[in-house]
There are 2 protein chains.
Amino acid sequence: MATSKKTKQRDWAGSTGSHDHRLCIVDALDKAAELCSQRGARLTQIRRRVLELIWSSHRPIGAYSLLEVLKEERANAAPPTVYRAIDFLLEQGLVHRIQSQNAFIGCPNPDPNQPHNGMFLICTDCGNAVELEESKIDRLLKSSASNQGFVIESRTVEAAGLCPDCQLN
Amino acid sequence: MATSKKTKQRDWAGSTGSHDHRLCIVDALDKAAELCSQRGARLTQIRRRVLELIWSSHRPIGAYSLLEVLKEERANAAPPTVYRAIDFLLEQGLVHRIQSQNAFIGCPNPDPNQPHNGMFLICTDCGNAVELEESKIDRLLKSSASNQGFVIESRTVEAAGLCPDCQLN
DNA sequence: ATCACAAATGTTATACTATAACAATTATTA
DNA sequence: TAATAATTGTTATAGTATAACATTTGTGAT
Ligand SMILES: [Zn+2]
Ligand SMILES: [Zn+2]
Ligand SMILES: [Zn+2]
Ligand SMILES: [Zn+2]
């Protein structure tokens with residue numbers, strides 16, 4: 001039979017259909033405003049807008065894609081415009097860099113104290129990415145490094161594959 | 001007292017002093033030749049030389065650094081020359097890409113059957129990197145992904161920090 | 001050996017990603 | 001309001017990677 005039967009273990013947060021993404025955006029911008037205010041960091045118009053653009057989907061987005069959109073609203077936008085905004089957002093832990101794509105994605109759970117490195121599942125088909133919360137993996141990595149006398153300060157974990165939605169096709 | 005007392009848990013394979021690196025290079029080239037021969041893949045002069053250059057240290061090296069050296073020996077070397085060689089070596093699983101540095105490093109243990117993704121500890125001070133063998137982390141990642149219905153096909157794991165040598169300074 | 005074909009390399013140009021450097025503007029605070 | 005710091009504007013350039021097509025080299029068949 002052709003009936004599509006989804007057997008999801010858990011909602012895939014990257015799926016477009018599974019939630020009202022406008023809420024993701026509003027929520028992210030609210031959190032950002034509060035965090036910045038607490039820290040005395042200035043979430044300027046440009047920075048806020050870039051964050052909003054990054055949150056426009058659950059797909060990592062590149063600096064020059066952001067620039068294209070920004071240019072329509074702000075004639076004098078240039079690479080430094082967007083890179084500075086990204087740098088700020090990265091420093092504040094509001095977005096993460098996806099190393100395997102030279103792209104950026106919003107952090108759904110910015111740490112109020114200090115920024116963290118995200119761990120990501122990235123769909124090679126639809127491009128959506130979700131951030132994992134797996135302290136176990138971090139602990140394992142740390143202990144494995146420590147066996148060699150190595151002290152980890154930051155890390156990149158990015159897994160590529162097929163999200164539940166895209167496995168159906 | 002100023003005596004340097006090292007308390008190493010295990011030899012840090014990235015350390016220059018801890019071993020005769022010429023053996024690493026010879027060994028890597030031998031393995032590569034054998035693997036390619038088994039597969040009917042052609043380890044040409046350029047490809048072999050690029051592999052050798054990548055193995056010239058335990059530091060990830062960028063394509064354009066390789067090109068600089070290559071140009072001294074081969075006047076008409078150009079970006080495609082080195083990128084094609086790198087592509088071949090990546091396909092054969094003889095080298096890995098370090099995403100966080102846009103650079104490449106030799107695989108000390110190329111899989112005879114199919115290439116694997118490496119997991120790396122990378123020293124932010126001396127630049128040396130070593131590949132971890134941690135199937136536990138892979139299993140954890142896979143199971144964590146599977147909780148969300150996500151199937152991993154490849155992954156990037158890169159940890160930055162201080163190697164045992166550089167912690168002494 | 002010679003031909004036909006495929007693989008590898010040569011060559012030029014260009015796309016994409018990121019930062020340097022300095023000027024102008026805007027916000028903060030003394 | 002003047003001094004200072006932070007942000008943004010502007011131009012140029014560095015660094016990474018690939019497209020496209022020509023040429024050469026290797027391989028197997030005749
Ligand atoms: Zn959403
Ligand atoms: Zn997908
Ligand atoms: Zn070595
Ligand atoms: Zn080191």
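Order of the sequence lines fixes the chain letters, A, B, ..., with proteins taken first and strands second; residue numbering starts at 1 for each chain.
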Suppose the criterion is side chain to side chain donor-acceptor pair (under 3.5 Å): which pairs have a residue in residues 98-112 of chain B, not counting sequence neighbours? B:S100-B:E158
Who clusters with A:F120? Use side-chain heavy atoms, under 4.5 angstrom, across I, L, V, M, F, W and Y, and order the result by chain and number. A:I98, A:I105, A:I122
Scan side-chain atoms only and decide if B:E131 and B:H116 contain a donor-acceptor pair under the 3.5 Å cut-off. yes
Hey, can you pull the residues of residues 35-44 of chain B with a non-hydrogen atom under 4.0 angstrom from DNA chain C? B:R42, B:T44
Taking atom CG of B:D30 and atom CD1 of B:I25, what is their separation to the nearest 0.5 Å? 12.0 Å
ILVMFWY network linking B:V95 to B:M119, side-chain heavy atoms under 4.5 angstrom: no
Please identify the 5'-most and 3'-most nucleotides of DNA chain C with any atom under 4.0 angstrom from a heavy atom of chain B. C:dA7 to C:dT12
To the nearest angstrom, the NZ-P distance between A:K71 and D:dG9 comes to 13 Å
Side chain to side chain donor-acceptor pair (under 3.5 Å): pairs with one or both residues in residues 61-71 of chain A, sequence neighbours excluded: none
Return the residues of residues 73-86 of chain A meeting this criterion: a heavy atom under 4.0 Å from some atom of DNA chain C. Order them by number, or give none. A:P79, A:P80, A:Y83, A:R84
Suppose we screen for salt bridge (Lys or Arg N to Asp or Glu O under 4.0 Å). Which residues come up paired with B:E73, at least two apart in sequence or across chains? B:R49
Does the Lys NZ or Arg CZ of A:R47 fall within the cation-pi geometry relative to A:F88 - under 6.0 Å from the ring centre and within 45° of the axis? yes
Side-chain donor or acceptor of B:Y64 under 3.5 Å from a matching atom on the base of D:dA14? no
What residues form a side chain to side chain contact (heavy atoms under 4.5 Å, CB included) with A:R139, not counting sequence neighbours? A:S135, A:K136
Tell me which residues in residues 110-128 of chain A lie within less than 4.0 Å of DNA chain C, going by non-hydrogen atoms. none
Under the 3.5 angstrom rule, does the side chain of A:S15 hit a backbone N or O of A:W12 as a donor-acceptor pair? no
Under a side-chain separation threshold of 4.5 Å, the hydrophobic residues clustered together with A:V151 are none
Roughly how far apart are A:C123 SG and A:R59 CZ, rounded to 0.5 Å? 10.0 Å
For DNA chain C, the residues among residues 93-103 of chain A that have a non-hydrogen atom under 4.0 Å from it: A:R97, A:N102
Can you check the B:R47 CZ to D:dG26 P distance for me, whole Å? 12 Å
Output all residues satisfying side chain to side chain contact (heavy atoms under 4.5 Å, CB included) with B:A145, sequence neighbours left out; order by chain, then residue number. A:L121, B:F150, B:I152
Using a cut-off of 6.0 Å, state whether more than 12 heavy atoms not belonging to B:Q45 lie near its atom CD. no
Indicate yes or no: does A:D27 engage A:K31 in a salt bridge with an N to O separation below 4.0 Å. yes
